[in-house]
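First up is the structure itself, then whatever we jot down about it.
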Amino acid sequence: MKIIDAPFVEQMPELPRGCEVTSLSLLLQHAGINVDKMTLAREIVKVSFKEDELHGHLNDGFVGDMYSFETDGLGVYHKPIKDLAEKYIPGRVFDFTGSDVQEIYRKIDQGLPVWVVTNDTFKELSDEHFRLWNTRLGELRITYRMHSVLVVGYSDDHVYINDPLYQEPNREVDREDFEKAWEQMGRQAITYLK
């Protein structure tokens, strides 16, 4: 079993939909950059939830409202997160979205936590949890169950995460389920280079 000592903070109550920037703040703090979730929440590119019958695209920016469940919002994918991270550690952000899951474990072995997009069950979701959005870039399959965490460790049977919706670090989840959920959400993964 390998677990990295990484920062931990909860996204609530300030950021009901802010798991992506909260997890990024943990990654950047591990890289030695003192930046908090609220700063990143202000700085992430934002896009409208829906405009002229087109939903915002999650690779254009944070879609909708991050600060409240009172208005529409969803989240953000790896590209705007990578772009924001580049502002703090230029030339050191490693976006390996699309890679094999073993790459996550290789990074953990190197002492590097990994920002990922998954879902809030950490298991593969059935089709009923997804819907198709029309965006400026074409159709996008989304789920309101999407979630972002920092992967900090693994064993043969488990993955350990700093989950900003959980009350303590090193949350243990089933490894096989976690891998399926991560793959279903597009194999999105970012870390940094030492």
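These values consider heavy atoms only, across backbone and side chains, with no hydrogens, waters or symmetry-generated copies.
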What heavy-atom pair brings R187 and D100 nearest, and what distance separates the two atoms?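 Where R187 meets D100 most closely, the heavy atoms are NH1-CA, 3.7 Å.
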Nearest heavy-atom neighbours spanning I4 and G111: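 Looking at all heavy atoms of both residues, the shortest contact is CD1-C, 3.5 Å.
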For [Y], is there any backbone N or O sitting under 3.5 Å from a side-chain donor or acceptor partner on [X]?
X: E51; Y: G56; result: no
X: T135; Y: G138; result: yes
X: E103; Y: F96; result: no
X: Q188; Y: H78; result: yes
X: N59; Y: K79; result: yes
X: R171; Y: D163; result: no
X: N162; Y: P7; result: yes

How far apart are the C-alpha atoms of K180 and D174, what are their side-chain angles, what is the distance that settles it, and do they pass the salt bridge (charged side-chain N to carboxylate O under 4.0 Å, His left out) test? CA-CA 10 Å; K180 287 178 181 171; D174 182 84; over 6 Å; no
Carboxylate-amine/guanidinium contact D120 R145, below 4.0 Å: yes
So, are R141 and D127 salt-bridged, with charged N and O less than 4.0 Å apart?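 Yes, charged N to carboxylate O under 4.0 Å.
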Any donor-acceptor pair under 3.5 Å linking the side-chain atoms of S155 with those of D157? no
Can a side-chain donor-acceptor contact be found between D5 and H30 if the only test is distance below 3.5 angstrom? no
ILVMFWY cluster, [X] and [Y] together (side-chain gap under 4.5 Å):
X: Y144; Y: F130; value: yes
X: F8; Y: I161; value: no
X: L193; Y: V151; value: yes
X: V9; Y: I3; value: yes
X: L137; Y: M185; value: no

Are there more than 12 heavy atoms of other residues, nucleotides or ligands under 6.0 Å from atom [atom1] of [X]?
X: R131; atom1: CZ; result: no
X: D109; atom1: CG; result: yes
X: Q102; atom1: CD; result: yes

[X] versus [Y]: any side-chain heavy-atom pair under 4.5 Å?
X: D177; Y: F122; value: no
X: H57; Y: V47; value: no
X: D60; Y: R136; value: yes
X: Y67; Y: L15; value: yes
X: W133; Y: L74; value: yes
X: N134; Y: E139; value: yes
X: Y88; Y: L40; value: yes

Supply the atom-to-atom distance D36 CG to T39 OG1, rounded to the nearest 0.5 angstrom.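 If we round to the nearest 0.5 Å, D36:CG and T39:OG1 are 3.5 Å apart.
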Rounded distance (nearest 0.5 Å) linking atom CE of M146 with atom CG of L58: 5.5 Å
Among L150, V152, V149, find the one that has a side-chain contact (heavy atoms from CB on, under 4.5 Å) with Y160. V152
side-chain contact (heavy atoms from CB on, under 4.5 Å) partner of Y192, the single match among I89, L28, I33, V114: I89
Would you sort out whether N119 and T121 count as a side chain to side chain donor-acceptor pair (under 3.5 Å), showing the intermediate values? CA-CA 6 Å; N119 68 58; T121 71; 2.6 Å; yes
Determine, stepwise, if the pair V101 / W182 fulfils side-chain contact (heavy atoms from CB on, under 4.5 Å). CA-CA 8 Å; V101 71; W182 178 70; 3.7 Å; yes
Apply side chain to side chain donor-acceptor pair (under 3.5 Å) to W115 and S148, showing your working. CA-CA 7 Å; W115 177 99; S148 174; 3.1 Å; yes
May I ask you to check if R175 and Y105 form a cation-pi contact, with NZ or CZ under 6.0 angstrom from the six-membered ring centre and within 45° of the axis? yes
When you look at F69 and R17, which way does the side-chain contact (heavy atoms from CB on, under 4.5 Å) test go after all the steps? CA-CA 8 Å; F69 288 134; R17 291 194 187 101; 3.6 Å; yes
Applying the salt bridge (Lys or Arg N to Asp or Glu O under 4.0 Å) criterion to K37, which one of E43, E20, E14 satisfies it? E14
Quick one: do C19 and T22 satisfy side-chain contact (heavy atoms from CB on, under 4.5 Å)? Show the steps, please. CA-CA 5 Å; C19 55; T22 302; 5.6 Å; no
Start with the C-alpha gap between L140 and L132, add the side-chain angles, then the distance that decides, and say whether side-chain contact (heavy atoms from CB on, under 4.5 Å) holds. CA-CA 6 Å; L140 180 65; L132 280 180; over 6 Å; no
